[in-house]
Amino acid sequence: MKKVRKAVIPVAGLGTRFLPATKAMPKEMLTVVDRPVVQYAVDEAREAGIEHIVFVTGRNKHVIEDHFDIQPELIETLTRANKNAELAAIEALQVDAGRVSFTRQQAPHGLGHAVWCARDLIGDEPFALLLPDMVSFGVRRCLATAMQLYREAGGNVLSVEQCSPLETAKYGIVGKGGPVGAGFAITEMVEKPEPSQAPSNFYINGRYILQPEIFDLLETQERGAGNEIQLTDAMARLARVQPFHAAPFSGRMFDTGSKAGFIEANVAMALARDDLRDQVLGPIAELVASHAGAASRINRSA
């Protein structure tokens with residue numbers, strides 16, 4: 001079993017769900033509290049033991065590359081001002097030289113195509129895939145849980161969570177087979193099935209560990225939903241010859257690609273921090289109470 005050393009993070013999307021905020025700013029650089037969304041994915045990858053990160057970018061995404069570069073002027077300014085806390089925070093986020101690579105997805109052909117664009121940088125070894133819109137929240141973040149199952153069972157591992165059985169049409173759903181370590185075998189993968197056709201209510205939550213054979217399948221993968229090259233379609237083909245396992249995640253993933261999920265992530269992350277909790281808990285509670293009171297008055301008047 002080969003060690004998973006590399007991770008792919010696709011950041012080429014246009015962020016249309018967040019316009020006009022993303023007209024000039026990549027959606028991955030929008031901040032949850034005081035960190036860009038993409039930084040949470042990088043932190044999660046490093047926590048899970050990833051040594052090298054491959055970003056699949058697009059046009060107007062250069063600010064992401066700048067974010068992970070050293071800024072000598074900023075470091076010098078903070079050092080002179082004795083702002084040691086800020087300096088330590090920046091240094092903790094710094095990725096070692098040569099541990100980050102960037103490649104372009106030159107046209108928006110879907111997630112499967114974005115992953116395929118990283119093929120030469122990944123080479124012939126298994127890799128992790130993290131969708132940066134999905135921000136992991138929990139004592140142990142999502143990829144570390146999936147990595148543990150990979151070490152136990154090998155093959156391909158998908159992180160999953162449970163949704164309401166009535167909401168399966170929103171997600172990629174997996175069929176549940178027998179137990180494998182702390183997870184279970186995946187019997188099938190279906191993209192956004194109606195509740196009556198869904199094999200389970202376990203959905204793929206944006207964290208994957210995949211074998212390199214997926215690249216050959218993506219190269220010949222026909223376009224699927226949305227006229228795009230779908231990763232799920234290629235994984236379904238790979239599942240005919242290689243095992244796929246599901247690693248249930250006990251924490252929570254926030255979809256920061258949606259406005260509601262982005263707001264929820266900011267609230268959750270702020271409340272989880274010792275330096276912010278007391279400052280924001282009271283105002284948030286007051287806003288919720290005020291909103292509930294206003295809604296009650298409206299309902300009574302109606």
Side-chain angles (χ1 to χ4, degrees), residues 1-13 41 44-45 48-57 101-134 142-143 145-147 149-160 171-175 177 180 183-192 202-247:
M1 186 188 304
K2 289 185 178 180
K3 180 181 178 181
V4 179
R5 301 186 310 110
K6 299 178 181 179
V8 174
I9 301 181
V11 293
E44 183 180 346
I50 294 298
E51 301 170 8
H52 191 111
I53 295 171
V54 178
F55 290 99
V56 181
T57 71
S101 298
F102 295 84
T103 188
R104 283 283 184 102
Q105 182 186 21
Q106 295 171 326
H109 295 315
L111 176 59
H113 181 260
V115 173
W116 179 76
C117 289
R119 64 198 182 283
D120 287 343
L121 292 168
I122 296 299
D124 187 23
E125 56 184 288
F127 64 98
L129 169 65
L130 300 91
L131 306 188
D133 284 352
M134 305 301 292
C142 193
L143 186 60
T145 301
M147 198 76 83
L149 182 58
Y150 173 79
R151 286 191 289 266
E152 295 171 0
N156 302 270
V157 178
L158 310 182
S159 179
V160 299
Y171 306 103
I173 302 293
V174 303
V180 177
F184 58 85
I186 292 175
T187 59
E188 59 182 307
M189 289 169 271
V190 186
E191 190 66 31
K192 299 180 179 180
F202 282 94
Y203 70 94
I204 305 168
N205 67 4
R207 299 294 182 267
Y208 312 71
I209 297 173
L210 298 170
Q211 295 297 324
E213 288 78 11
I214 194 72
F215 292 122
D216 290 336
L217 297 176
L218 287 170
E219 188 164 9
T220 60
Q221 182 62 51
E222 295 181 358
R223 292 176 181 268
N227 196 34
E228 295 181 335
I229 298 173
Q230 296 292 339
L231 178 64
T232 303
D233 294 341
M235 290 193 301
R237 292 169 63 198
L238 185 58
R240 299 172 190 167
V241 294
Q242 289 186 1
F244 273 73
H245 308 126

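Position 1 is the first residue of the sequence; numbering continues from there.
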(Q) Please check: side-chain N/O of R237 versus main-chain N/O of A234, any donor-acceptor pairing under 3.5 Å? (A) no
Q) Heavy atoms, side chains only, cut-off 4.5 Å: are S159 and T145 in contact? A) no
Q. Hey, mind stepping through V174 and E188 against side chain to side chain contact (heavy atoms under 4.5 Å, CB included) and telling me if it holds?
A. CA-CA 6 Å; V174 303; E188 59 182 307; over 6 Å; no
Q: State, yes or no, whether a side-chain contact exists between L158 and M189 at a heavy-atom distance under 4.5 Å.
A: yes
Q | V8 and I122, any side-chain heavy atoms less than 4.5 Å apart | A | yes
Q.
If you compare all heavy atoms of H52 against all heavy atoms of S101, which two are closest, and at what distance to 0.1 Å?
A. NE2-OG, 2.7 Å
Taking only distance into account, with no hydrogens and no angle test, what donor-acceptor pairs under 3.5 Å do side-chain atoms of residues 208-215 form with protein atoms, sequence neighbours excluded?
residue	atom	partner	partner atom	Å
Q211	NE2	G155	O	2.9
E213	OE1	Q242	NE2	3.1

Q. Would you call E51 and R5 a salt bridge, using N to O less than 4.0 angstrom?
A. yes
Q.
Has N156 got a side-chain atom pairing as donor or acceptor with P243's backbone, closer than 3.5 angstrom?
A. yes
Q: Rounded to the nearest 0.5 Å, what's the gap from CG on D233 to CG on L238? Could you check?
A: 13.0 Å
Q. Taking the side chain as C-beta and beyond, is there a heavy-atom pair between L143 and I50 under 4.5 Å?
A. yes
Q. Looking only at heavy atoms, which two atoms of P132 and V11 are closest? And how far apart?
A. CG-CG1, 4.0 Å
Q: Could you go through the side chain to side chain contact (heavy atoms under 4.5 Å, CB included) check for K2 and D124 one step at a time?
A: CA-CA 10 Å; K2 289 185 178 180; D124 187 23; 3.9 Å; yes
Q. So do L218 and Q230 actually touch side chain to side chain, heavy atoms under 4.5 Å?
A. no
Q | F244 side, atom CZ; I204 side, atom CD1 - distance, nearest 0.5 Å | A | 9.0 Å
Q: In plain terms, say whether R207 and E44 are close enough for a salt bridge, that is, a side-chain N and a carboxylate O under 4.0 Å apart.
A: yes
Q) Going from CZ on F102 to CD1 on I53, what distance comes out if it is rounded to the nearest 0.5 angstrom? A) 9.0 Å
Q | Non-hydrogen atoms of L149 and A246 that approach each other most closely | A | CD2-O, 3.2 Å
Q. Going by the angle between their ring planes, with limits at 30° and 60°, are H113 and H109 parallel, tilted or perpendicular?
A. perpendicular
(Q) side chain to side chain contact (heavy atoms under 4.5 Å, CB included), that's the test. Do F184 and H245 meet it? Break it down for me. (A) CA-CA 6 Å; F184 58 85; H245 308 126; over 6 Å; no
(Q) Before you tell me yes or no, could you show the steps for T103 and T57 under side chain to side chain contact (heavy atoms under 4.5 Å, CB included), namely the whole-Å CA-CA distance, both residues' side-chain angles and the distance that decides it to 0.1 Å? (A) CA-CA 6 Å; T103 188; T57 71; over 6 Å; no
(Q) So which atom in A118 and which in V54 form the shortest heavy-atom distance, rounded to 0.1 Å? (A) CB-CG1, 4.0 Å
Q. Does the side chain of Y150 reach to within under 4.5 Å of the side chain of P126, using non-hydrogen atoms?
A. yes
Q. Backbone N or O of I173 within a donor-acceptor pair of the K192 side chain at under 3.5 Å?
A. no
**Q.** Flag side-chain contact, heavy atom, 4.5 Å: L130 against C142
**A.** no
Q) V56 versus V115: any side-chain heavy-atom pair under 4.5 Å? A) no
(Q) Consider side-chain contact (heavy atoms from CB on, under 4.5 Å). Of D133, L111, L231, which one does P10 pass it with? (A) L111
